[in-house]
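Below is one structure, written out as structure tokens; comments come after it.
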Amino acid sequence: MQADKYRIDKHKLMYHVPRVNDWLGGKNIYPIYMEVSPSGACNHRCTFCGLDFMGYKNRQLKTELFKERLSEMGKLGLRSIMYAGEGEPFLHQEMAEIARHTKKSGIDVAFTTNGTLMKEETAGKILDVTDWIKVSINAATQETYAKIHRAKDRDFQRVIDNMRKAAELRREMKAACTLGMQMVLLPENKSEAVPLAQIARDIGMDYLVVKPYSQHTQSKTDQYKSIKYDEYQLLSAELKKFNSDHFQVIFRSQTMQKWDAAEHRYERCIALPFWSYIDAGGNVWGCSVYLNDDRFLYGNIYEQTFREIWEGEKRRKSLSWVEGQMDVSCCRVNCRMDEINRYLWELKNPVEHVNFI
């Protein structure tokens, strides 16, 4: 049984060799992966939220125009979209329709959600077109959940019930969608990681991810910025006891160690051509760490096609500035593209004797 068959603590860029080769050859490539925020609003106010600075604005992507852009992006080579972002994706009233059109456009679909709004009717509309759904659930008791999520007490059981039903529906539909849960490990919930693993396994989830906190450079909250994970590593052995052929606990030890070391093993961020981010206002960004920073704003899908944005002057200038001037030591530790940056940096700056494989 593989420790992390989903490679959540690693990267998967080696499965896209042709596009990496095009990039190495200096060609303009289109992103493989994109994160999209369908809704700026959120029904929770988690204590660790990295995007609290966005203000939880009550805005949503316009469905019909976004569907046009999805069709275009699929043809341009976009391979996957994770719907998450600065808000709760299922607050968008037409999320299921958008998900189905995403798949129809040849783009793989995933969700990161708090799960409170993923009721049976919604799950039935998306499970057959979605590759995976990851639910952020940061406690194993109602009391701790309400404290960390800053949510209603009843939301905890609602999430459990929704995901149990989603697992049952998946079985009935014979859908291939992977269902998982995720806990950000904090002082308040460290004693609940083990009981949460049992809950996740018992209701039919495929995995539970236990990951470290990561301080967003723009976040209003910084109460966890000094957290260290050395003392938490003993949890790994205890959680492994739940692993089987049908369920895994993915304890992100490598990412925790990187957080404690606070290091970047590359001098420049070179991963930006492989991904992008669209916020709930339709803005296309080069990096989610620098949302609201115009140096990373490529354009807006309401004003231009995606091709025009991706091949436009604003993006060219942004990449030039990142390549020549940006100091990665100021970036977020364990950002989404960290592992990809490490991989690409080695390709661009190989060690000696590479032919002795």
Side-chain angles (χ1 to χ4, degrees), residues 29-43 51 54-119 121-134 177 272-288 290-294 296-312 314-315 318 336:
I29 62 166
Y30 279 88
I32 296 169
Y33 165 72
M34 177 179 284
E35 293 181 14
V36 173
S37 180
S39 170
C42 191
N43 56 338
L51 295 182
M54 293 293 285
Y56 309 108
K57 298 171 186 174
N58 188 19
R59 58 180 184 172
Q60 296 188 348
L61 288 176
K62 298 174 183 177
T63 302
E64 290 308 313
L65 187 138
F66 185 57
K67 285 166 65 176
E68 289 180 24
R69 296 292 180 261
L70 285 169
S71 298
E72 178 197 9
M73 291 188 295
K75 292 174 182 176
L76 291 171
L78 183 67
R79 301 294 298 275
S80 66
I81 289 178
M82 180 182 76
Y83 288 107
E86 72 253 34
E88 165 53 44
F90 289 108
L91 278 170
H92 195 296
Q93 299 300 308
E94 296 169 309
M95 191 64 256
E97 180 183 346
I98 289 172
R100 300 196 72 82
H101 189 83
T102 306
K103 193 67 175 179
K104 182 181 177 182
S105 300
I107 302 168
D108 290 343
V109 180
F111 288 95
T112 295
T113 169
N114 62 39
T116 56
L117 303 175
M118 212 184 82
K119 300 174 184 177
E121 181 182 0
T122 300
K125 293 177 181 177
I126 64 169
L127 284 170
D128 62 330
V129 296
T130 302
D131 283 67
W132 56 263
I133 299 169
K134 188 189 298 175
C177 180
L272 299 188
F274 293 90
W275 93 302
S276 191
Y277 182 99
I278 296 180
D279 69 22
N283 295 305
V284 180
W285 299 91
C287 179
S288 62
Y290 293 95
L291 296 175
N292 295 338
D293 185 334
D294 283 349
F296 291 83
L297 177 59
Y298 295 166
N300 188 287
I301 60 171
Y302 300 142
E303 300 169 2
Q304 295 174 288
T305 65
F306 190 76
R307 180 188 289 275
E308 289 170 339
I309 293 169
W310 202 252
E311 296 184 4
K314 291 186 73 174
R315 178 172 173 268
S318 178
R336 184 79 66 186

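Quick note: numbers below take in every heavy atom, side chains included, and nothing from hydrogens, waters or symmetry partners.
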Rounded distance (nearest 0.5 Å) linking atom CZ of Phe66 with atom CD of Glu94: 12.5 Å
Leu117 to Asn43 - nearest heavy-atom pair and separation: CG-ND2, 4.1 Å
Value rounded to 0.5 Å, distance of CG in Leu127 from CE in Met118: 6.0 Å
side-chain contact (heavy atoms from CB on, under 4.5 Å) assessment of Asp131 paired with Lys103: CA-CA 10 Å; Asp131 283 67; Lys103 193 67 175 179; 3.3 Å; yes
Step-by-step side-chain contact (heavy atoms from CB on, under 4.5 Å) determination, Ile98 to Val36: CA-CA 11 Å; Ile98 289 172; Val36 173; over 6 Å; no
Residue pair Phe306 / Pro31, side-chain heavy-atom distance below 4.5 Å: yes
Flag if over 12 foreign heavy atoms under 6.0 Å of CZ, Arg59: yes
Flag, side chain of Ser105 to backbone of His101, donor-acceptor distance under 3.5 Å: yes
Atom CG of Asn58 with >12 non-hydrogen neighbours under 6.0 angstrom: no
With Tyr83, the side-chain hydrogen bond (donor to acceptor under 3.5 Å, both in side chains) member among Thr112, Thr102, Thr113: Thr102
Ile301 CD1 to Leu70 CG distance, which is reported to the nearest 0.5 Å: 8.0 Å
Closest heavy-atom pair and its distance - Thr305, Glu72: CB-OE2, 3.4 Å
Donor-acceptor contact below 3.5 Å, side chain His92 vs main chain Leu61: yes
Chi angles and distances behind the salt bridge (Lys or Arg N to Asp or Glu O under 4.0 Å) call for Glu64, Lys67: CA-CA 5 Å; Glu64 290 308 313; Lys67 285 166 65 176; 3.7 Å; yes
Met73 vs Tyr30 side-chain heavy atoms within contact, under 4.5 Å: no
Closest heavy-atom pair and its distance - Gly286, Leu272: O-CD2, 3.2 Å
side-chain contact (heavy atoms from CB on, under 4.5 Å) assessment of Ile29 paired with Phe274: CA-CA 7 Å; Ile29 62 166; Phe274 293 90; 3.4 Å; yes
Salt bridge flag under 4.0 Å for residues Glu311 and Arg315: no
Pro38 versus Ala84, closest heavy-atom pair with distance: CD-O, 3.7 Å
Separation of Arg336 CZ from Tyr277 OH (nearest 0.5 Å): 10.0 Å
Closest heavy-atom pair and its distance - Arg100, Asp128: NH1-OD1, 2.8 Å
Full working for side-chain contact (heavy atoms from CB on, under 4.5 Å) between Trp285 and Leu297: CA-CA 5 Å; Trp285 299 91; Leu297 177 59; 3.6 Å; yes
Pairwise distance CG(Asn114) to CZ(Phe90) - rounded to 0.5 angstrom: 10.0 Å
Atom NZ of Lys119 with >12 non-hydrogen neighbours under 6.0 angstrom: no
Test item: Met95 and Thr122 side chains (from C-beta on) under 4.5 Å apart, heavy atoms: no
Closest contact, heavy atoms only, Val109 versus Ala99: CG2-O, 3.6 Å
Within the 6.0 Å centroid threshold, strictly below: Tyr298 and Trp310: yes
Separation of Ser39 OG from Asp279 CG (nearest 0.5 Å): 11.5 Å
